[in-house]
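Heads up: the structure comes next, in structure tokens.
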Amino acid sequence: MVEVYLDNLISSSLVICLNEIGDEPIVQLHDLVDEFCLIKSRKEKLFDFISSSAPSSSSDLMPRQMTIEYDMDHFGSNNLVLLDSKKKRHSGKHLYSLLIVGDKLDGRLSDICHLRHLRLLRVLNLDPRFIRVKDSLLNEICMLNHLRCLCIGTEVTALPSSFSNLLNLEIMYVANEGPPLVLLPIIWNLVKLQLLSVLPSLFDLDTYEPIRIAEDSKLENLRFLADLTLSYSKDTEDIFKRFPNLQDLSFDLKESWDFSTERYWFPKLDFLNELESLWVNFIGSNSNDNEPSVGTNRLWDFHLPSSLKKLSLWQFPLTFDALSTIARLPKLEELSLLYPMIQEEEWNMGEEDTFENLKCLKLYEVTLAKWEVGEESFPVLEKLELLECCKLVEIPPSFGDIGSLKIIRLIDSPQLEDSANNIKQYAEDMRGGDELQVQLE
């Protein structure tokens, strides 16, 4: 739905799209539109922007949305009277959205900031980059029953159980400086959650015996789940069945070598029929004891949903057998293999290795020396990005036959420059015109 609205704004020329193929959209307002929106919003008391160092206003008519730029070096406490529960200010009771931003880490703000009287607050963003919410303020936040969106940074060892009181919460982002926060069973009551990102966090089903009480609990509205740490146990094997409608998922996977099957454990995700984006970082063991050989014929059983459009694998030990499995994903449009551990140095792509709908391929520090690409391996590819592929002698010339290819981007791979330019020249001769770009960084 958001993409539809954004496309409408771009097509009506109210916003400008800035970026290229394969990246998340970056847009900006035209200057005149931006100025008009600011003037209109202040006139209508929709939102306002103030600095903590500016002279305080005597007006009690506060906007519904407020952004405060906190300056710890030039701090005027009068301007944070809104956050002082000891001083009555009727304007605060109508505040729906509060954002406090800054550029320096400051613990004082958490001590002087009080929120419990802002009972109608729906959006709260205490910039995690510079403020750490302490236990007392965290407990006050748990009293804001109307909250829809929460973004905070903390240094706590555990989330309070009262977090489960935030029944209307739809977006929850928590950045924690301490150890991973255990999410269960706190989150099961938050049935309206659509986006959940707690960094770092984990599902520790052994810590909480009451998990069996919530045996049938599901978060069916959850679409985005990020920053988890997973490792294999009997209870985590089917954990994602509790989030059946996920569209975007990212997690760290701790090494779990199963000696009975002689393969790594990877969670089964094929039942997530709406999952479109998956990001996984593999965290290997610090010890080489009992480590499997990367050259083992089959290291993984990937059970990935056919709905997947974007896949990023970081630091995975991979074989070309696993890549063939990935190639069979019918809707995959973007594949990123970042710092993979591949023992084989030659990738000969056969007919079974056809990425039918892949538009963007990113290979970072892949230890390939030779790469053979078939005529139909990447029939609709638009962007090829190679970073520090130091062993690769050349980019396969057959990339010049891909009529859809628009960009070859090379980062710290100078030995590939000649082959990239040869492909560009060949494509120009075949297509006519300058349609293929070679970007060097």
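In this chain, numbering begins with 1 at the start of the sequence shown.
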For this session: Enter the distance from Leu222:CG to Phe240:CZ here, rounded to the nearest 0.5 Å.
Result: 10.5 Å
For this session: Inspect the surroundings of CZ in Phe271 and state if more than 12 heavy atoms from other residues, nucleotides or ligands are less than 6.0 Å away.
Result: yes
Exercise. Are any non-hydrogen side-chain atoms of Leu137 and Leu126 less than 4.5 angstrom apart?
Worked result: yes
Exercise. Taking C-beta and beyond as the side chain, do Leu384 and Ile395 meet within less than 4.5 Å on heavy atoms?
Worked result: yes
For this session: Verify whether one side chain among Ser201 and Asp227 offers a donor that lies under 3.5 Å from an acceptor in the other.
Result: no
Exercise. Do side-chain atoms of Ser324 reach the backbone of Ala322 as a donor and acceptor pair under 3.5 angstrom?
Worked result: no
Problem set entry | Flag, side chain of Ser404 to backbone of Val380, donor-acceptor distance under 3.5 Å | yes
For this session: Could you tell me whether the side chains of Asn421 and Gln425 share a donor-acceptor contact shorter than 3.5 Å?
Result: no
Problem set entry | Heavy-atom donor-acceptor pair, Ser307 side chain to Asn273 backbone, under 3.5 Å | yes
For this session: Enter the distance from Leu120:CG to Tyr96:OH here, rounded to the nearest 0.5 Å.
Result: 6.0 Å
Exercise. Looking at Leu166 and Ile141, what are the two nearest heavy atoms and their distance?
Worked result: CD2-O, 3.6 Å
Problem set entry | Gln439 vs Ile407, side-chain contact (heavy atoms from CB on, under 4.5 Å): CA-CA, chis, key distance, verdict | CA-CA 7 Å; Gln439 300 176 354; Ile407 297 174; 3.8 Å; yes
For this session: State whether the number of non-hydrogen atoms from other residues, nucleotides or ligands found under 6.0 Å of Glu274 atom CD is greater than 12.
Result: yes
For this session: Determine, step by step, whether Tyr426 and Asp401 satisfy the side-chain contact (heavy atoms from CB on, under 4.5 Å) criterion, reporting the C-alpha distance in whole Å, the side-chain angles of both residues, the deciding distance to 0.1 Å, and the verdict.
Result: CA-CA 8 Å; Tyr426 176 80; Asp401 294 318; 2.8 Å; yes
Exercise. Hey, is the main chain of Leu167 close enough, under 3.5 Å, to the side chain of Asn189 for a donor-acceptor pair?
Worked result: no
Exercise. Taking the side chain as C-beta and beyond, is there a heavy-atom pair between Met349 and Phe355 under 4.5 Å?
Worked result: yes
Problem set entry | Parallel, tilted or perpendicular, as decided by the 30° and 60° cut-offs, for the rings of Trp314 and Trp279 | tilted
Exercise. Would Met143 and Arg119 satisfy side-chain contact (heavy atoms from CB on, under 4.5 Å), going step by step from the backbone distance to the final call?
Worked result: CA-CA 8 Å; Met143 298 168 63; Arg119 292 306 180 96; 3.3 Å; yes
Problem set entry | Minimum side-chain heavy-atom gap Pro340-Leu313 below 4.5 Å | no
For this session: Give, for atom CZ of Arg132 and atom CG of Asn176, the distance between the pair rounded to the nearest 0.5 Å.
Result: 8.5 Å
For this session: Grab the two heavy atoms, one from Glu220 and one from Asn245, that are nearest each other, plus how far apart they are.
Result: O-ND2, 2.7 Å
Problem set entry | N-O pairing of Glu334 and Lys383 below 4.0 Å | no
For this session: Answer yes or no: is there a donor N or O on one side and an acceptor on the other, between the side chain of Asp353 and the main chain of Ala327, under 3.5 Å?
Result: no
Exercise. Taking Gln415 for the side chain and Leu392 for the main chain, is one N or O donor matched with an acceptor at less than 3.5 Å?
Worked result: yes
Problem set entry | Arg148 side chain to His146 backbone, donor-acceptor under 3.5 Å | yes
Exercise. Can you list the steps and then say if Met172 with Val198 is a side-chain contact (heavy atoms from CB on, under 4.5 Å)?
Worked result: CA-CA 8 Å; Met172 176 178 167; Val198 179; 4.0 Å; yes
Problem set entry | CG on Leu183 to CG on Leu228, rounded to 0.5 Å | 6.5 Å
Exercise. Are Leu323 and Ile326 side-chain neighbours, meaning at least one heavy-atom pair lies under 4.5 Å?
Worked result: yes
For this session: Work out which heavy atom in Pro396 is nearest to a heavy atom in Ile423; give both atom names and the distance.
Result: O-CD1, 3.5 Å
Exercise. With side chains defined as the heavy atoms from C-beta onward, is the minimum distance between Leu304 and Phe266 less than 4.5 Å?
Worked result: yes
Exercise. Within a strict 4.5 Å, meaning less than it, do heavy atoms of the Phe224 and Ile171 side chains meet?
Worked result: no
For this session: Give a yes or no answer on whether the side chain of Ser413 reaches the backbone of Cys389 with a donor-acceptor pair at less than 3.5 Å.
Result: yes
For this session: Determine the minimum heavy-atom distance between Cys360 and Leu381, stating which atoms define it.
Result: N-CD1, 3.8 Å
Exercise. Between Phe302 and Phe316, how do the two ring planes meet: parallel, tilted or perpendicular, split at 30° and 60°?
Worked result: tilted
Seminar exercise, completed: Distance col, row Phe251:CZ vs Ile283:CD1, nearest 0.5 angstrom, shows 11.0 Å
Seminar exercise, completed: Here the pair of heavy atoms bringing Pro128 nearest to Ala175 is CB-CB, 4.1 Å
Problem set entry | Leu269 vs Leu249 side-chain heavy atoms within contact, under 4.5 Å | yes
Seminar exercise, completed: Scanning both residues in full, the closest heavy-atom pair of Leu144 with Leu115 reads CD2-O, 3.4 Å
Problem set entry | From Leu332 atom CG to Lys309 atom NZ, the distance as rounded to the nearest 0.5 Å | 11.0 Å
Exercise. Quick one: do the Lys192 and Asn221 side chains pair a donor with an acceptor below 3.5 Å?
Worked result: no
For this session: Please check if the side chain of Thr229 supplies one atom and the backbone of Asp252 the other of a donor-acceptor pair under 3.5 Å.
Result: no
